[in-house]
Each structure stands twice: as structure tokens, then as C-alpha cells.
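Bear in mind that the values here come from a model prediction, so they are computed numbers and not experimental data.
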Amino acid sequence: MSDLPSVRITPDRPFKRVGVDFCGPFLTKPNVIRSKVKFKSYVALFICMWSKAVHIELVSDLSTAAFLAALRRFLSRRGLPSDIYSDNGTNFKGAANHLRHLFNIAKGSEIQQFCTSNYIQWHFIPPYSPNHGGLWEASIKLAKHHLLRVCKSTILNFEEMTTLLCQIEACINSRTLTPLSSDPSDISALTPGHFLIGSSLLDLPEPTYAQLKLPLSVRWQTIQDQRRSRSIQRILASSTASSKIGLTGKRSPG
């Protein structure tokens, strides 16, 4: 087993380097009572290459225009990425060409000044090589698992499907990456949500101890902050070490 690529183990802000993929179709219906009209919708999943945090968007159809609309929503909420990795689908090729076209024709535009100074570099994995996209394929499988178990044969409207996908996104971003400590009695774990908001997205909110005027002897909050900082370094070291372990369980030389 070869080492993980540098993009997978280099720490940076979340969603600076992302992978993207589609799944579907899923049947949805308009928000009209007793409507028998059904149409196909798709799910676009964006995943951070190193923190494994995901962002899910519902797309009306599998086209370049619909994907670009989902991409704009993603950029508005998660910030501009420097690199996007995707399969060799025709819709992604068209999107990449369209972004390059916008970059060339709108370079001097006031509206596009910020976008042109942070140009997105698009990377395509080799054709017919889904193993190169295993990171987002695993998240697609996880999202479909939750979606099918909740919906089953029920057909949701577009708003209901969007709400459900947001809840699935929070669930995936709360999955365990690594334990926060080696203490077997400590059940807390590091999740992708820690890199987004500092804790799991499904955790109950903790009280703000700074407003309670606790005595100086109480250092619990400081210890929590230090443990989170150490856990980030631990997950990076764990990812680097796991990439050097072969199929036999032995570490490769170097």
C-alpha cells in the first residue's frame, strides 16, 4: 500500500481542497397537495480532502448548469477552495471549462475580482478508476445508507429532501475519526465537526464558563481547549502512520 497523497494529510482550513461527486437519482415531488407529478433529483456531495467533513447539496438535474448552481451555494457557505477533485464525468468537465471561461472573460470585472485572484484548479482522476475517488465514494455510500433507511419508499418534496440531507450532513460530520484520549473510560472522540465548529454537530451546547465568574482554581475549560489542540495533531499523525502500513500489517521502509 502506497503513502497517502500530500493533499490528504496536509492540514489547512476546512474545504480548501475538496472532492465532489453526484449520486442518485432520487424521486421528489412538488410542494402541492395531492400532486402526482414526480421528478428526478440528485445529490452533490463535497468532501474536505483532509478533515473528511462533508457538504451536501440537492440538485434538480444532472447537468452542468445545475451543478454550477450547487457549486456557487457551496462556495458561499464554505469559502473558495484552491483545488477541486472529481470523477471524469461529462458534467464536471463542462463545469471546469466553464469556470476557466469565466476566469478569462471576467478577469477585469469588479464582481469577479475576488474569484479571479483565487482561481480554482480542477483535477480529474484517471478514467475508469473509481479507486482514485475512494474518499468521496465512501461518503456517498454513507449518505445513501442514511437516506434510504429514513425515506424507504416515501417520496419527499424538494424542501423536505433538502432538510433531510442537511440532517444527514450533520450526522456524517459527527462520525468518529479517532479517540480523543487513550483512556478507555473516555468515550469522547474527534469528529469532522471539530474542525468546523469545535465540537460534534450533534453535541448538546456547553455552558459558557467565562460568564459564570468561576474561581481561578477551576481550569476545566483550559484543559478542554488543550486537549482539542492535541487531538488535531494526533489525527494528522494517525493518518500519516496508517498510510505507511501495508496489507500485511507491517510498516513499509522509510
Holding to side chain to side chain contact (heavy atoms under 4.5 Å, CB included), I want the full list of residues that pass it with [X], two or more places apart in sequence or in another chain.
X: R77; answer: H55, E57
X: T176; answer: A189
X: S174; answer: S200, L201, L202
X: N31; answer: N157, E159

Do [X] and [Y] come within less than 4.5 Å of each other through their side chains, counting heavy atoms only?
X: Y42; Y: C23; value: no
X: I47; Y: L135; value: yes
X: L27; Y: K40; value: yes
X: K38; Y: I155; value: yes
X: F158; Y: S41; value: yes
X: K16; Y: P81; value: no

Could you work out, with side chain to side chain donor-acceptor pair (under 3.5 Å) as the rule, every residue matching [X], not counting sequence neighbours?
X: T191; answer: H194
X: S139; answer: none
X: K29; answer: none
X: T154; answer: none

Salt bridge (Lys or Arg N to Asp or Glu O under 4.0 Å) contacts touching residues 162-173 (sequence neighbours left out):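 Residue pairs with at least one partner in residues 162-173: R78-E169.
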Full working for side-chain contact (heavy atoms from CB on, under 4.5 Å) between L164 and L156: CA-CA 9 Å; L164 178 58; L156 306 178; 3.9 Å; yes
side-chain contact (heavy atoms from CB on, under 4.5 Å) evaluation trace for T28 with F39: CA-CA 6 Å; T28 53; F39 52 89; 2.9 Å; yes
CD1 (I187) with more than 12 external heavy atoms under 6.0 Å: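 No - once you tally the heavy atoms of other residues, nucleotides and ligands closer than 6.0 Å, there are 12 at most.
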Might you point out which heavy atoms bring [X] and [Y] nearest each other, and give the distance in Å?
X: A53; Y: L196; result: CB-CD1, 4.0 Å
X: F195; Y: P14; result: O-CG, 3.2 Å
X: L177; Y: K52; result: CD2-CD, 4.0 Å
X: Y85; Y: V7; result: OH-CG2, 3.7 Å
X: L190; Y: L180; result: N-CG, 3.7 Å

side-chain contact (heavy atoms from CB on, under 4.5 Å) between W136 and F46, intermediate numbers included: CA-CA 8 Å; W136 52 80; F46 302 85; over 6 Å; no
Is the backbone of [Y] close enough, under 3.5 Å, to the side chain of [X] for a donor and an acceptor to pair up by distance?
X: R8; Y: M49; answer: yes
X: S51; Y: P192; answer: no
X: D21; Y: S86; answer: no

Contacts of type salt bridge (Lys or Arg N to Asp or Glu O under 4.0 Å), residue D203, not counting sequence neighbours: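 Partners of D203 by the salt bridge (Lys or Arg N to Asp or Glu O under 4.0 Å) criterion come out as none, since no residue qualifies.
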Worked check of side-chain contact (heavy atoms from CB on, under 4.5 Å) between L75 and I120: CA-CA 11 Å; L75 298 182; I120 300 173; 4.2 Å; yes
Interatomic distance, [X] atom [atom1] to [Y] atom [atom2] [nearest 0.5 angstrom]:
X: L165; Y: L58; atom1: CG; atom2: CG; answer: 5.5 Å
X: L71; Y: S76; atom1: CG; atom2: OG; answer: 9.0 Å
X: F74; Y: L45; atom1: CZ; atom2: CG; answer: 10.0 Å

Between S185 and D183: side-chain donor-acceptor atoms closer than 3.5 Å: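 Indeed, the side chains of S185 and D183 share at least one donor-acceptor pair under 3.5 Å.
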Ionic contact status for D12 with R17, cut-off 4.0 Å: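 Salt bridge: yes.
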Contacts table for residues 140-150: side-chain donor-acceptor under 3.5 angstrom, sequence neighbours left out:
none

Set of residues satisfying ring-ring contact (aromatic ring centres under 6.0 Å, His included) with respect to F26, sequence neighbours excluded: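 Result, ring-ring contact (aromatic ring centres under 6.0 Å, His included) vs F26: none returned.
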